Amino acid sequence: MNDSKIIDRHNRQLNYLRVSITDRCNLQCIYCQPNTLIPKLSHDEILRYEEILRIIKVGVSLGISKVRITGGEPLVRKGVYDFLKKLVNIKGLEDVSLTTNGALLKDNMDKLKSAGIRRINISMDTLNREKYKRITGRDSFLQAWEGIEAAQKAGLHPIKINVVALNGINDDELNDIAQLSFTYPFHIRFIEYMPIGTQLIKDKTPLLAPDILKRIESLGRLNPIASESYDGPAKRFKFQGALGEIGIISSISHHFCETCNRLRLTASGKLRSCLLADYHQDLLAPLRNGCSDNDLADIFLKAASHKPFKHQVAANQPAAVKGNMSSIGG
Ligand code: SAM
């Protein structure tokens, strides 16, 4: 991985940009995008693909080497596969990945693969169709599961399955979900619920990493695995004899801010230096007012210089971040 010129006040090199290309989603997950509560951005309020690509190219010239496309649901945006192809071809960009709920994946797997996407994260919080409907507001469990199977058949690797651990909702299923790692080469990643934005969940005793680990330990011995250069913040484990892995993302109980290397570009063109802090720099207005690439680079550096040393969000407090996950991009 190249050194990045985007260095914050705490000497962290920022080389990873997460990009939300839409705030729209075909699901309405209770922890993310409470139905009808969040007004949608208009066509003019979101970055055009060519604007996103220009911003990313400037980021790459400063040392961004890894980009993840997210949303909302990235696969609902028209023209996404052509955009991904152009993105993958940006010189100097070493790693491009995508986070999706998988519901549109089966029918579009070929397009995704020919765009050059080789690895993917798919969200799946339950193995129960009724519960999936309760969590996401849509009866799309079968489509999402078929999407996971299609990704596996197409040879994408690794396939990471994102599971937000929710007390009273899927806590009774964590074992069954973890068990998938024995039969599939998937990386099952349990994510602590983050109380941000407009909330429907008012959980005073959230499921945190130690509880998650305790619940799944009954399946066997969990051996820790060392992190690799492109690993995210997940603490990685593997059950003896399993094909896949287990990851625990403890954003709340044991934050990983000291090693955070991320910036985030929202669908509306805000460059955020932290998921869990509302500070941002606007890129959309300068872009549409004809700014130069040097101006854009300065905005990157300014956003980085405001990156907080650590976030201030705690498990059992009301949301301290106003931005919603669906527009920031999880
Ligand atoms: N639509 C895509 C999907 O479902 O994967 C991408 C966007 S979604 C916002 C990205 C990830 O953020 C998902 O894995 C989702 O589970 C996670 N997420 C959303 N809201 C969250 C919250 N409040 N706490 C923890 N994770 C959350």
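For ligands, and for the atoms within them, numbers begin at 1 and follow the listed sequence. These numbers were taken from a predicted model, which means no experiment stands behind them. In what follows, every heavy atom counts, from backbone to side chain, and hydrogens, waters and symmetry copies are set aside.
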N or O pair under 3.5 Å between [X] and ligand 1:
{"X": "Thr100", "result": "yes"}
{"X": "Glu73", "result": "yes"}
{"X": "Gly72", "result": "yes"}

Under a 4.0 angstrom heavy-atom cut-off, which atoms of ligand 1 come close to [X]?
{"X": "Cys32", "result": "9 (C), 19 (C), 20 (N)"}
{"X": "Glu192", "result": "25 (C)"}
{"X": "Met194", "result": "22 (C), 23 (N), 24 (N), 25 (C), 26 (N)"}
{"X": "Asn162", "result": "14 (O)"}
{"X": "Gly71", "result": "7 (C), 9 (C)"}

* Asked: Between Asp172 and Lys131, is the closest basic N to carboxylate O distance under 4.0 Å?
  -> yes

* Identify whether the distance between the nearest side-chain nitrogen and carboxylate oxygen of Lys57 and Asp293 falls below 4.0 Å. => no

* Over 12 non-hydrogen atoms of neighbours within 6.0 angstrom of NZ in Lys86 -> no

* Lys270 atom NZ, neighbour heavy-atom count above 12 within 6.0 Å -> yes

* Under-4.0 Å heavy-atom contact with ligand 1, by part of Thr99 that carries it -> both

* Asked: ligand 1 versus Val164, non-hydrogen atoms closer than 4.0 Å: side chain, backbone, both, neither?
  -> side chain

* Does the side chain of Thr99 come under 3.5 Å of the side chain of Arg68 through a donor N or O and an acceptor N or O? -> yes

* Structure fact -> Shortest non-hydrogen pair, Gly147 vs Ile122, comes out as O-CD1, 4.4 Å

* To do: For Gln281 and Lys302, indicate whether the former's side chain and the latter's backbone hold a donor-acceptor pair under 3.5 Å.
  => no

